[in-house]
Amino acid sequence: MTTPATSRTPGRPRLLLVDGHSMAYRAFFALPDTMATTSGQVTNAVYGFTSMLTKLIGDEQPTHVAVAFDVSRRSFRTERYPEYKGTRSETPAPFKGQVPLIKEVLEALRVPALEREGIEADDIIATLAGQASAAGMEVLVCSGDRDSIQLVDGDVTLLYPVRGVSELARYTPQAVADKYGVPPHQYPDLAALVGETSDNLPGVAGVGPKTAAKWVAQFGGLDALLEHVGELKGKAAQNLREAVDQVRLNRELNALLRDVELPLGPDDLALRGFDREAVHRISDALQFGALRDRLLAVDPEAAHDASAPAEAAFELDVVDLPTGGLGDWLAARGERAVGVDVSGRGTPAAGDAWGVALAEGGQAVALDLAEIAPDDERALAAWLTDAARPKVLHGAKAAWHGLASRGLTLDGVVFDTELAAYLCYPDQRGYDLGDLVARHLGRELGADDDGAQGALDLALDAAGSRGAREAARAAAVVDLSDALAGQLADRGAAHLLTDVELPLSWVLARMEATGIAADTAYLTELESGFAAQVAHAAGEAYDAIGHEVNLGSPKQLQEVLFGELDMPKTKRTKTGYTTDAAALAELFARTGHPFLEHLLAHRDASKLRVTVEGLLKSVQPDGRIHTTFQQTIAATGRLSSTEPNLQNIPIRTEAGRQIRRAFRVGEGYETLLTADYSQIEMRIMAHLSGDAGLIEAFRSGEDLHRYVGSRVFGVEPADVTPEMRSKVKAMSYGLAYGLSAFGLSQQLGVTTGEAQGLMDDYFARFGGVREYLDGVVEEARATGFTATVLGRRRYLPDLTSDNRQRRQMAERMALNAPIQGSAADIIKLAMLKVQTEFDARALRSRLLLQVHDELVVEVAPGELEAAQEVLRAQMGAAYPLDVPLDVSVGTGDTWHAAGH
DNA sequence: TGCGATAGTGT
DNA sequence: CCACACTATCGCAA
């Protein structure tokens, strides 16, 4: 799978030795110090170093690796010559802070980090290089220190950074001779004459590399040169005679030690494969995105396992069933849970499945659906659909779609390892089976070759191991389910899997498979309309400044606005000044420049056009759009929607609402019906806080914001002005996000003082809310997690971070997670109840979409009243709160018309 | 080709 | 300097 970039003598071990400090230091200066996590930890050195090491491991395919570090600046060289490296400035603090991070990365990669007091990294490398080549190993030294050139020989190659750390020059004996005119072992002689500014070793005046090389070559070495120094003529020679002592000292200092005592020898440096869990942990912490994947892709252990049969790692008997033998095999499994792995594409209405692997009790079978015998296929179909036959899958919803494409239905799934892992670790980025298996079972499945959404297992079997990988996955799912079931129980979350997420995954599968009807003719019209607006606005904008620019390029816009037009600077971004809509509107208010007006119009129209284009592209042959609901993405427990995202279809502007008219009731159905919870998050806040005032607000039936406004401003509800109402509305919603006075002032366009006053007044009336919010953070800090009404946890270790930014971010998450998460719990329960009730009443009406607090249903003829009744009743009774759950419903031919 | 930064849409 | 998402585009880097 991974091809070595350079050929390697088969069987000959190759040792990679890296000078940690010099490479990290180069990365530090090569990469911008704006490179940081959202919480402010600068990561340029650790990122650059890790990236460089990743590339080296991938390209050079070493069998052994070690990284050497300097412990401090003091060494035997500074003892001998206090001025050594004396010109170097103080190591920058942002660099020092990253060294421990680099060591953490190395630990995750299981690469030894070597260091010794009083010894420099180069000496450690020199020693190991000597030992390794004596042992017959090939050696690669990666260092930015030129002293390392002396190590180069037939067995040892130096990789020296040219620019930054991304490009490395290969110093072989020939390359050194070509560049410096002396063989590598004489390079220190040359350097002693020329001097090394970075080490504060002065050279001989008037002697550069050319002269030095000539002399060294002429006399065959520095010692001989110094013996015959009297014979030389010229100014440079005179200078040399005066500097002999310094030259001898230089030579003494630039000689690398080759006999440092070390705890590890070359044989101990074998690359053993990464600790993948640790790689994920540190990548999460440092917010490595692509680098994480590159890193995992060069994991030697994973690469090894991909080429070797995975079942070799543990006991698994891949049974070669006789034709027609599947029924008996399945019958023999009895009531025991069977692991199922489906190969194919798990996308709604466009899925496919070409293989199924089953595993139980150390035995596995792999089936090719294209070649399966009719008897076996019948046995498989009957077994898959039998609710009494327990199954365990990783990502059952995707498997459901894949199998559905073959007319196979899946039932009796008792555990889904992907959902379980999500419930245990909701903040994780992904739940790749191979990674989970490595983390929880300490076993390797081999790198997953496709992380694409909805992709099942796309592995093709290598000859001779038919279905082995699939079988190994199926077996791993069973073992993993045991491990995760224990962890779920520890977290009190087992019921969330069995009572909520798992049954919900079938509801979602049906919704996705159903899709929502789209009016393509109308969408096409809309698209051309928006396109015309885009073109018109662009033309006007160009006229306003007298030339064309790419209006979609913030960079070019900045040149126009702040260069050409010399407008006042807006808020800073990482790379310049923002050109977002709020800033442009502000600029327009101040300058009145027509370009801004047309630019804003262009932005709006072009956003809408692109949205429409995306929708058009996603209409399937059945005339419907089938989104995929992601059930394991949002850390709070919400769903998300992809390909396309139907949870962010415009609604605020009239032009945007036009797009909602393209979502129509399907042929053979009566109407669309939408039902949404009003102010569900504030109701949860009232419930969780127990604030008497807020609870009364909801029980009174008065408009919430009017009621709150009347209390905060001390007026009758009827006298609450729209301005007052919008202020308390912003305040109320902001609370659930951990709003600050500054944030509120920004939102409302008032001073921070006014915002603070509003907050004080608010909390004076609704003190229970403040107590609750304070309590949430305090409890989360003590327990390490927040919990929703159903006990869904979110772990927030940063609540005790020393870093203020990180801590405050975690505090806001702690405020928001129980509220957003409880709302997610409640609508999930509602969906289950609605579906159950539809089924119980044998209604043909069907759920289509969920948009966080809204459900969209397609109503079958004659069922409108029943469907409305089901939605009102089941959503309203989804979960008992201390305040009523208000549900409002609407109907219409389009999503727009059905909305409220 | 892939990725980070920017922008904009929703709840 | 207010939470949680997804997608598109640009421009740079590998």
Side-chain angles (χ1 to χ4, degrees), chain A residues 31-32 34-35 47 51 55 58-59 163-164 166-167 287-291 293-294 426-427 453 549-558 571 573-584 600 603-604 606-611 613-615 617-618 627-630 633-653 655-656 659-660 676-677 679-681 730-731 733-747 752 755 786 794 804-805 808-821 823-824 827 849-854:
Chain A
L31 296 168
T34 52
M35 196 169 211
Y47 180 94
S51 173
K55 193 170 182 320
D59 289 354
R163 260 196 341 238
S166 53
E167 206 179 312
Q287 296 171 5
F288 288 170
L291 181 55
D293 297 335
R294 274 197 280 145
D427 276 277
Q453 293 296 345
V549 287
N550 185 341
L551 298 175
S553 164
K555 192 166 177 273
Q556 293 183 36
L557 287 177
Q558 285 174 54
K571 224 176 68 181
T573 64
K574 272 185 188 170
T575 55
Y577 301 94
T578 183
T579 65
D580 66 20
L584 295 181
L600 282 164
R603 281 258 178 90
D604 284 345
S606 124
K607 177 76 182 173
L608 293 168
R609 191 198 50 167
V610 165
T611 302
E613 279 170 355
L615 290 174
K617 272 186 255 174
S618 56
T627 186
T628 298
F629 288 106
Q630 305 293 343
I633 297 292
T636 52
R638 271 191 181 177
L639 300 177
S640 73
S641 157
T642 60
E643 290 188 322
N645 180 0
L646 295 185
Q647 291 181 324
N648 73 341
I649 302 302
I651 193 170
R652 289 170 210 230
T653 65
I659 298 178
R660 291 199 168 218
D676 63 60
Y677 283 121
Q679 292 136 355
I680 187 168
E681 295 197 341
M731 173 82 204
Y733 279 108
L735 285 176
Y737 300 147
L739 182 74
S740 66
F742 180 89
L744 182 62
S745 71
Q746 290 291 298
Q747 172 86 24
T752 315
T786 63
R794 181 170 188 189
R804 207 171 63 102
Q805 262 194 59
Q808 289 181 339
M809 175 63 107
E811 284 170 1
R812 292 194 297 270
M813 290 174 176
L815 292 174
N816 180 251
I819 296 171
Q820 192 185 110
I827 195 161
L849 301 176
Q850 187 252 47
V851 193
H852 308 307
D853 65 357
E854 172 189 7

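Sequence lines set the chain letters: A, B, ... in the order given, protein chains first and strands last, and positions in each chain run from 1. Just the heavy atoms: all of them, side chains too, but no hydrogens, waters or symmetry mates, feed the values below. Quantities reported herein were computed from a predicted structural model and do not represent experimental measurements.
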Starting from C1' on C:dA14, measure out to NZ on A:Lys55 and report it in whole angstrom. 8 Å
Any A:Thr636 side-chain nitrogen or oxygen under 4.0 Å from OP1 or OP2 of C:dA3: no
With sugar-phosphate meaning primed atoms plus P, OP1 and OP2, does A:Leu735 contact a base, only sugar-phosphate, or nothing at under 4.0 Å between heavy atoms? nothing
Between B:dG10, B:dA7, C:dG11, which nucleotide gets closest to the side-chain atoms of A:Lys555? C:dG11
Working to the nearest 0.5 Å, report the span between CZ of A:Arg660 and CD1 of A:Ile649. 7.0 Å
Among the candidates B:dA5, C:dA8, B:dT11, find the nucleotide nearest to the side-chain atoms of A:Val851. B:dT11
Given C:dT9, C:dC6, B:dG8, which nucleotide is nearest the side-chain atoms of A:Ile633? C:dC6
Taking the side chain of A:Asn645 as its heavy atoms from C-beta onward, which of B:dG10, C:dT7, C:dC10 lies nearest to it? C:dT7
Which part of the nucleic acid, if any, lies within reach of A:Thr578 when heavy atoms closer than 4.0 Å are counted: base, sugar-phosphate only, or nothing? sugar-phosphate
A:Tyr737 has an atom OH; how far is it from atom C1' of B:dG10, in whole Å? 10 Å
Please report, rounded to the nearest Å, how far the C1' atom of B:dA5 is from the CG atom of A:Leu557. 14 Å
Just so I know, are the side chains of A:Asn645 and A:Thr627 near enough to count as touching, which here means a heavy-atom distance under 4.5 Å? no
So A:Arg609, base contact, sugar-phosphate only, or nothing? Heavy-atom distance under 4.0 Å. nothing
Return no unless some side-chain N or O of A:Thr579 is found under 4.0 Å from OP1 or OP2 of B:dA7. yes
Return the nearest nucleotide to the side chain of A:Asn550; candidates are C:dA5, C:dA8, C:dG11. C:dG11
Distance test, side-chain N/O of A:Arg794 to OP1/OP2 of C:dC4, below 4.0 Å: yes
Side chain of A:Ser740 only, please: which of C:dC1, B:dT6, C:dC6 is the nearest? C:dC1
Closer to the 5' end of DNA chain C via nearest nucleotide, is it A:Pro554 or A:Phe742? A:Phe742
Of A:Ala730 and A:Gly552, the one whose closest nucleotide on DNA chain C sits nearer the 5' end is A:Ala730
Option passing side chain to side chain donor-acceptor pair (under 3.5 Å) with A:Gln647 (candidates A:Arg638, A:Glu854, A:Gln850): A:Gln850
Using OP1 and OP2 only, check whether a side-chain N or O of A:Thr573 sits under 4.0 Å from B:dA5. no
Does a distance-only test, which skips hydrogens and angles, find a donor-acceptor pair under 3.5 Å between the side chain of A:Arg638 and the base of B:dT11? yes
Let's see if you can work this out: which of C:dA5, B:dT11, B:dA5 has an atom nearest to the side-chain heavy atoms of A:Ser640? C:dA5
Flag side-chain contact, heavy atom, 4.5 Å: A:Leu849 against A:Phe629: yes
Please work out if A:Ala817 contacts a base, only the sugar-phosphate, or nothing of the nucleic acid, heavy-atom cut-off 4.0 Å. nothing
Choosing from C:dC10, B:dG8, B:dT11, which nucleotide comes nearest the side chain of A:Lys607? B:dG8
Of B:dT6, C:dA3, B:dT11, the nucleotide closest to the side chain of A:His852 is B:dT11
Distance from A:Thr752 atom OG1 to A:Phe742 atom CZ, nearest 0.5 Å? 6.0 Å
In the structure I gave you, are the side-chain heavy atoms of A:His852 and A:Ile827 within less than 4.5 Å of one another anywhere? no
Protein-nucleotide distance (A:Leu551, atom CG; B:dT6, atom C1'), rounded to Å: 15 Å
Side-chain N or O of A:Arg603 closer than 4.0 Å to phosphate OP1/OP2 of B:dA7: no
Please determine, for the side chain of A:Asp604, which listed nucleotide (C:dC12, C:dC4, B:dT9) has the closest atom? B:dT9
Grab the two heavy atoms, one from A:Ser618 and one from A:Pro644, that are nearest each other, plus how far apart they are. OG-CG, 3.5 Å
Base, sugar-phosphate, or nothing for A:Gln556, non-hydrogen atoms under 4.0 angstrom? sugar-phosphate
How long is the line joining CD1 of A:Ile649 and P of C:dT7, in whole Å? 11 Å
Please state how far atom CG in A:Leu584 lies from atom P in B:dT6, giving the value in whole angstrom units. 15 Å
Across the strands shown, which category fits A:Ile651 at heavy-atom distances under 4.0 angstrom: base, sugar-phosphate, nothing? sugar-phosphate
Pick base, sugar-phosphate or nothing for A:Ala635, based on heavy-atom distances below 4.0 Å to the nucleic acid. sugar-phosphate
Which part of the nucleic acid, if any, lies within reach of A:Ala736 when heavy atoms closer than 4.0 Å are counted: base, sugar-phosphate only, or nothing? nothing
Answer yes or no: does a side-chain N or O of A:Gln820 lie under 4.0 Å from OP1 or OP2 of C:dA5? no
Rounded to whole Å, the OH-P distance (A:Tyr47 to C:dA13) equals 12 Å
Check the distance between C:dT7's P and A:Glu643's CD and give it to me in whole angstrom. 6 Å
Gap between atom CG of A:Leu815 and atom CG of A:Leu735 - 0.5 Å precision: 9.0 Å
